[in-house]
Structures are given as C-alpha cells and as structure tokens.
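Proteins get letters first, then strands, A, B, ... in listed order; numbering begins at 1 in each. Keep in mind that this is a model prediction, so the values were computed, not measured.
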There are 2 protein chains.
Amino acid sequence: MTVLDSAPVGTTTPPASVCAVLEQQRHGRPVGRDRYTISEVAGCTGLSVHTLRWYERIGLMPHVDRSHTGQRRYTDRDLDWLDLVGRLRLTGMPVADMVRYARLVREGAHTMAEREELLAAHREDVRKRIAELRSTLEVLDYKIDIYSDARRRAEAAEGA
Amino acid sequence: MTVLDSAPVGTTTPPASVCAVLEQQRHGRPVGRDRYTISEVAGCTGLSVHTLRWYERIGLMPHVDRSHTGQRRYTDRDLDWLDLVGRLRLTGMPVADMVRYARLVREGAHTMAEREELLAAHREDVRKRIAELRSTLEVLDYKIDIYSDARRRAEAAEGA
DNA sequence: TAGAGAGCTGGAGCGCACTCCAGGCAAGCG
DNA sequence: CGCTTGCCTGGAGTGCGCTCCAGCTCTCTA
C-alpha cells in the first residue's frame, strides 16, 4: 500500500504519509531509538548531510538536539518535520516559504491562523499545478499518438 | 501545420490547447499576420524578450526568420512551438531535454522514434508528479483541517 | 599510540534558467 | 537634424537550492 491510496477518511485521521511512510519506503527509519545521527537521517530521508546542515543554518529546522560532543541527534519528531518539508519541497514550495512556516511554528500557538493561511495558499498552488500537468498530459498524449501512428504506418509500409 | 512537422494526422483530435489557446488567454495572439516582432511574441507568450533571444542562442528555436534589417520575425509556427515549449517547461522538463527535442525535430523524420521516446518518458514523469502532488494534497488537507479545527475551537471558547 | 572514520564549522563553488548590460544600428517623428 | 524607440549582439550577473572544501575534533579499533 502506497501513500497514494491511503484512505482519506474523517477529518482527523492522518493519511499514513504524515507518519513517515515515505522514509520507510526509502531505506527504513531505524526503529524506536529516537536519536539518529546525521548520516542515518540522510540515509532514510534521501537528503544529503550537507543539505541537512544547510537546512539548519537557514532556519528550516526546529532546533536539533546535540550529543555531549556536539554532534547532531535527530528525533522522530525531526524526521516527521523533514517528511513534511520533503513534501512541500516536492510540490514546489520555495525554501523561503518553508523557512517562514518553520519560524511561525517556533513562535507558538498564536501564529496558527497565519500558518493555516500559508498552507492553504500552497494547496491552491498545488491544485493549479495538477490542472496544468493534466492539461499538458493531454497534449503529450496527442503528440505521442501522432508519432506512434506515423511509426506504425512506416512499419506497415516497410512490411508490404 | 503544427510544430510536429508534416503531421501525419491520424485518428486523434487535438486538444484545443495545442492550437495556442494559451496565448489567447494571455494577451491574445495578433491575428493573421504571421510575422511578429520579438516584443509582440513576448507580450503574447509571457516570456521576456531576453528569454526569447536566449532560447534561440541555446538552440531551442527552429531558425527564426529575420527582416531585411536583421530583426526577428516570428511566425505562427514559432508561436505554436513556443506554446509546446511553455508546456514542457511548466511541467518541469529540463531545458537541455527540450533542446535535444528541438535538435531531433530539425534533423528530420528519421528521428521520430527517438522523439516519441523522449515525450513518452516525460509523460511518465508528469504522471508520477501528479500522483506526488495529489498525495501531498491529502497531507495539506489534513494539516489545514487541524488548524481550522483549532481555530474554530478557540473562537468558540472566546465567544463563550 | 597511530590511523581511520564520522562529524563539526564557515565559506566558497556550482548548475540551472534566466536576466540584464553596454554599446551599436535602423526607422520614424517634429 | 537630433531625438526617441525598438531591436541587435556577446557576455556578465543573479537567485535559488544545494554541494563541496579545508581544516578541525572526537571516538573507536589494531
């Protein structure tokens, strides 16, 4: 069962995706330890360690914990956050907007309206893009049909 | 005649889109003149004149005609081509791939199989992306629901 | 105790897709 | 005639999202 066909039931049932199904599909999230090194996280998110550090520098991560020697220790929460970030990125949200969202989350509950607004705007964007993609799909189907018709005809002529 | 050079029109009907509905939606293609200046084309495609010249430099345009003083004169065919390019671009095809496609078109009929392959690969890509976007849409819906539930609850508490 | 390996930092570099600039030419207008 | 407008060229610059580098520390194993 993929992310795609998770049942969208009542208002409060999360799609399985939000629970980091994605990571499991990639390389599996190491289980039940809740303190992951940067390379483990890289492995299970598909991001590079460079990118993970960079995300932190630009304020896209909610304060990552450190070991006594100063190494990063990511939690399951961090992985969930990275899952969301990955989705927003895949759907084309600019990093700057994600940073803004991250800042709002850090600032606490009084920013929830603004966060909702931000996500709703992005949802509209995604909807528009789906429509665009679908319309291009039609064009592609049309053109590919023409090519394959031509090919079939050429093959038939050659056979004759 | 479309971009597809000597279209061996088969059983399929073109989606209206391929006939440059897009441009008409934007600023309208000047009618029936078939010789457009670069700024007219910029106006009706939404591309900048810089971008149009750049497309030509990198080999993404099929030889644009010139006036006696050396200025570009685009034809309806060029606009159709730009329509296709715009769609491929909107759907995330890398410019390098479009250039490759353009080269194949220039090289003539014997490259049709390769062109078909290229477009089919891109179609797969687009399909995958639509699925991705849809799955993120679920996540967004879920999160937005949470936010708006929380907001409604807060408003209710305030009202009480 | 030496070497390998993973992680740390600030900052430089890169690829893509434009975007703009300087300097010049041709046509039209008052 | 000068001025403005629109277009030309090669090449430099920009913004985004990473990606990599140099030089360091810490820990673990032989």
Donor-acceptor pair, B/T91 side chain versus B/R87 backbone, under 3.5 Å?
yes
In terms of the nearest nucleotide of DNA chain C, which residue is placed more toward the 5' end: B/M98 or A/E56?
A/E56
Please report, rounded to the nearest Å, how far the P atom of C/dA26 is from the CD1 atom of B/I38.
18 Å
So among A/R35, A/Q71, A/R72, which one has a side chain to side chain donor-acceptor pair (under 3.5 Å) with A/D65?
A/R35
Tabulated below should be each protein N or O lying under 3.5 Å from an N or O of nucleotides 2-4 of chain C; please produce it.
none

Report yes if a side-chain nitrogen or oxygen of A/S39 is closer than 4.0 Å to either non-bridging phosphate oxygen (OP1 or OP2) of C/dG7; otherwise report no.
yes
A/E132 with A/K128: basic N within carboxylate O range, under 4.0 Å
no
Tell me whether A/D78 is salt-bridged to A/R73, with the criterion being a basic N under 4.0 Å from an acidic carboxylate O.
no
Return the value, rounded to whole Å, for the distance between atom CD1 of A/I58 and atom C1' of D/dC18.
10 Å
Quickly work out the A/H50 NE2 to D/dG17 C1' distance and round it to whole Å.
14 Å
Do you know which of A/V139, A/I146, A/L140 makes side-chain contact (heavy atoms from CB on, under 4.5 Å) with B/L119?
A/L140
Plane angle bin for B/Y101 and B/W81 - parallel if under 30°, tilted between 30 and 60°, otherwise perpendicular
parallel
Please name all residues satisfying salt bridge (charged side-chain N to carboxylate O under 4.0 Å, His left out) with A/R66, sequence neighbours left out, ordered by chain then number.
A/E56
Nearest-angstrom distance from the residue atom CD of A/E40 to C1' of C/dG5
15 Å
Quick check on D/dC18: is either OP1 or OP2 less than 4.0 Å from any side-chain nitrogen or oxygen of A/Y55?
yes
Salt-bridge criterion met for B/E155 and B/R152 (N-O under 4.0 Å):
no
Value in whole Å for how far the C1' atom of D/dG11 lies from CH2 of B/W54
15 Å
Relative to the 5' end of DNA chain C, which residue comes earlier, B/V95 or B/R57, by the nucleotide with the nearest heavy atom?
B/V95
Any donor-acceptor pair under 3.5 Å between the side chain of A/R53 and the base of C/dG7?
no
Where along residues 59-72 of chain B does a heavy atom come under 4.0 Å from DNA chain C, residue by residue in number order?
B/H68, B/T69
Could you tell me the separation between the CG atom of B/L52 and the C1' atom of D/dG6, rounded to a whole number of Å?
15 Å
Could you state the CG-P distance from A/L47 to D/dG17, rounded to the nearest angstrom?
14 Å
Nearest-Å distance, CZ (B/R73) to P (C/dA27)?
11 Å
Give a yes or no on this: more than 12 heavy atoms of other residues, nucleotides or ligands lie within 6.0 Å of atom CZ of A/R77.
no
